[in-house]
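The first residue of the sequence shown is numbered 1, and numbering continues consecutively from there.
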Amino acid sequence: MLQESNRVEFKSILNDKLEKEVVAFLNNQEGGILYIGIDDNGHPVKSTDLDATQLKIADRIKNNILPSTLGLFDNVTESIDGIDVIKVLISSGLEKPYYIKNQGMFPTGCFTRVGTSTQPMTTAMIDDLYARRIHTTLRNIASPRQDLKFAQLKIYYQERGLELTDQFAKSLELLTPDGKYNYIAYLLADENGVSIKVAKYAGKDKVDLIENEEYGYCSLVKATYSVLDKMKIENTTLAKVTSTARIEENLIDPVAMREAIVNCIVHNDFTREIPPAFEIYSDKIIMTSYGGLIPGQSIEDFFSCSSMPRNRELMRAFKDVGLVEQLGSGMSRILKAYDRNIFQISDHFIKVIFPYKHSENVSDVTKNVTKDVTNKNPNGSSQIDDDSNAEDTILKLMEDDSKITISLISDHLRIGPRQVKRIIKKLSEDNKVTHIGASRNGSWKVNH
């Protein structure tokens, strides 16, 4: 049974204390989770019209709290004991102290978590946090260019069923306080001077460089997708033939690799004007994100799977276009497949070193999986001969992670998104799985 803690708060219904609880978690070092629809004893309470309640929650958090909460919270549904409740995930903000707008930056408007309770902050605490507030965020840095276009970004939004209106620069916080395009806008624009480098070496060190590619000078969203595609190609398939079966696996766990790539880019400290870098060796892949830990963040905070985004505006855009899922979920997926010792953390950078998987009698079959395992579709995706095997795997993935997306399932199974959708459609028709909630923020329920 769920219990309240320093990071978890229960509310049976949406009430006038929402802003107070959210402010406390924003000011908390580890952020937190607010459940709407769970009583003080941890029991779920049936509610009606969850969609409308979620909209109210999002509207109140965005409009009633300062500084801006854009990219710092997520508002989803979760099934507990067969009852759907609302789960509000709140990241620790970088611009503390956060406060209720109509109360101001005073003890009546600033709160923090003390144990399982929410308490007002003292004037001394407020002054101390304000003095340490990070003012050099990307939002406050003017773009080197002001003639920016965003056709690429609009396409990615349209593909997700979202439209960028004429006010998108304001709603996505792409403007400085004096109305100029900021550095976030520069990174998301069709043209910029930022390029992500992917270097490939023949051996285990940097002696023999055989490939040096750059992905950039375009919207960071497009560059990120390009890096993902490149690394997916490099993450070749290994096959081990035993006396009873043919076992196939990637050099690196594909789900963990994808999460690490996106994290490396979205959490990079672009104020230093050093883009993230990716290096491919014969025995490993190294990903480097510059900037080290966020000020005030400990190593335990980093690994705690609680979200503390360095670039919350970028996080918001990446989440909108499907690159980022639920806040804080990326680290948990990486640590599910690898130990934390794959990370190297210093004052100036964070490196993730993925060692390749090795086994006896291993042959590199890359993407061209043998005919006895797959057939090739005309569109280039792999078609699994026996969908029943894929069905079992998809159901297991959904049980492990009810929020898993089509793209992550596709990466895990190494099949195309269209085939994944077809299989899920069949599972739904057979009443083996049910999708709960909205298409973007919903969850999967496996029916036993």
Side-chain angles (χ1 to χ4, degrees), residues 7 9-11 13-36 52-76 86-114 117-141 165 167-180 182 184 296 306-317 319-320 327:
R7 291 196 64 244
E9 176 73 20
F10 298 152
K11 297 293 178 189
I13 60 172
L14 178 62
N15 57 31
D16 59 1
K17 295 183 180 179
L18 171 71
E19 289 85 354
K20 176 181 174 180
E21 302 296 347
V22 173
V23 163
F25 283 129
L26 288 166
N27 288 325
N28 189 32
Q29 186 63 35
E30 299 178 357
I33 300 172
L34 174 62
Y35 284 97
I36 308 293
T53 304
Q54 283 183 277
L55 289 174
K56 290 178 183 178
I57 291 171
D59 184 66
R60 286 172 60 178
I61 294 175
K62 285 189 289 187
N63 295 318
N64 299 345
I65 296 173
L66 289 174
S68 173
T69 58
L70 180 74
L72 291 177
F73 72 95
D74 204 357
N75 185 5
V76 299
I86 296 172
K87 180 179 182 181
V88 185
L89 299 102
I90 303 132
S91 299
S92 177
L94 291 184
E95 297 177 277
K96 301 179 181 71
Y98 290 83
Y99 58 94
I100 298 174
K101 186 176 181 179
N102 63 6
Q103 295 294 327
M105 200 183 301
F106 301 100
T108 53
C110 296
F111 299 89
T112 189
R113 295 289 289 183
V114 179
S117 66
T118 294
Q119 299 292 329
M121 300 172 70
T122 65
T123 301
M125 292 171 63
I126 295 170
D127 291 344
D128 179 62
L129 284 175
Y130 184 75
R132 291 188 282 121
R133 179 185 283 183
I134 298 172
H135 296 279
T136 55
T137 60
L138 295 179
R139 187 177 77 256
N140 295 327
I141 301 174
T165 66
Q167 299 297 316
F168 79 92
K170 182 178 180 180
S171 63
L172 293 181
E173 296 192 22
L174 305 185
L175 302 175
T176 62
D178 58 356
K180 295 180 180 179
N182 59 26
I184 296 290
S306 57
S307 178
M308 191 174 180
R310 183 189 302 276
N311 307 308
R312 62 175 181 79
E313 300 90 353
L314 273 183
M315 177 71 80
R316 158 70 187 276
K319 187 174 185 298
D320 285 348
L327 292 177

### Message
Could you check whether S117 and Q119, counting side-chain N and O atoms only, form a donor-acceptor pair closer than 3.5 Å?
### Response
yes
### Query
For D59, does its backbone N or O pair with a side-chain atom of N63 as donor and acceptor, under 3.5 Å?
yes
### Partners passing salt bridge (Lys or Arg N to Asp or Glu O under 4.0 Å) against R316 (at least two apart in sequence or in another chain)
D320
### Query
What are the two closest non-hydrogen atoms of R139 and P177, and how far apart are they?
O-CD, 4.5 Å
### Query
Side chains of R312 and S68: closer than 4.5 Å at any heavy-atom pair?
yes
### Query
How would you list, by chain and number, every residue that makes a salt bridge (Lys or Arg N to Asp or Glu O under 4.0 Å) with D127, sequence neighbours excluded?
none
#### Entry: Nearest-0.5 Å distance that lies between atom NZ in K87 and atom CD1 in I33
4.5 Å
### Message
According to side-chain hydrogen bond (donor to acceptor under 3.5 Å, both in side chains), who are the partners of S92, at least two apart in sequence or on a separate chain?
### Response
K96
### Query
With sequence neighbours left out, which residue pairs that include part of residues 16-28 fulfil the salt bridge (Lys or Arg N to Asp or Glu O under 4.0 Å) condition?
K11-E21, E19-R60, E21-R113
### Task
Kindly compute the distance separating CD1 (I126) from CZ (F111), expressed to the nearest 0.5 Å.
9.5 Å
## Note on the structure
Sorted by chain and residue number, the side-chain contact (heavy atoms from CB on, under 4.5 Å) partners of S171 (sequence neighbours excluded) come out as F168
## Note on the structure
The side-chain contact (heavy atoms from CB on, under 4.5 Å) partners of Q103 (sequence neighbours excluded) come to I100, T108
### Message
For S91 versus L26, what's the shortest heavy-atom pair and its separation?
### Response
O-CD2, 3.4 Å
### Task
Determine the minimum heavy-atom distance between T123 and P107, stating which atoms define it.
OG1-CG, 3.7 Å
### Message
Looking at every non-hydrogen atom in both residues, tell me the closest pair between Y98 and V23 and how far apart they are.
### Response
O-CG1, 3.3 Å
### Message
My understanding is that only residues two or more places apart in sequence, or in another chain, count here; which of them pass side-chain contact (heavy atoms from CB on, under 4.5 Å) with I57?
### Response
L14, L18, I36, T53, I61, N75, I86, V88
### Task
Would you indicate whether the side-chain heavy atoms of I184 and E173 approach each other to under 4.5 Å?
no
#### Entry: Heavy-atom pair with the smallest gap, counting every atom of P67 and P97
CD-O, 3.7 Å
#### Entry: Donor-acceptor contact present, side-chain T69 to main-chain L72, <3.5 Å
no
### Query
For R7, does its backbone N or O pair with a side-chain atom of N28 as donor and acceptor, under 3.5 Å?
no
#### Entry: From N27 atom CG to M121 atom CE, the distance as rounded to the nearest 0.5 Å
5.0 Å
### Task
Could you go through the side-chain contact (heavy atoms from CB on, under 4.5 Å) check for L174 and N182 one step at a time?
CA-CA 6 Å; L174 305 185; N182 59 26; 4.2 Å; yes
## Note on the structure
Across all chains, not counting sequence neighbours, the side-chain contact (heavy atoms from CB on, under 4.5 Å) partners of K180 are Q146, T176, D178
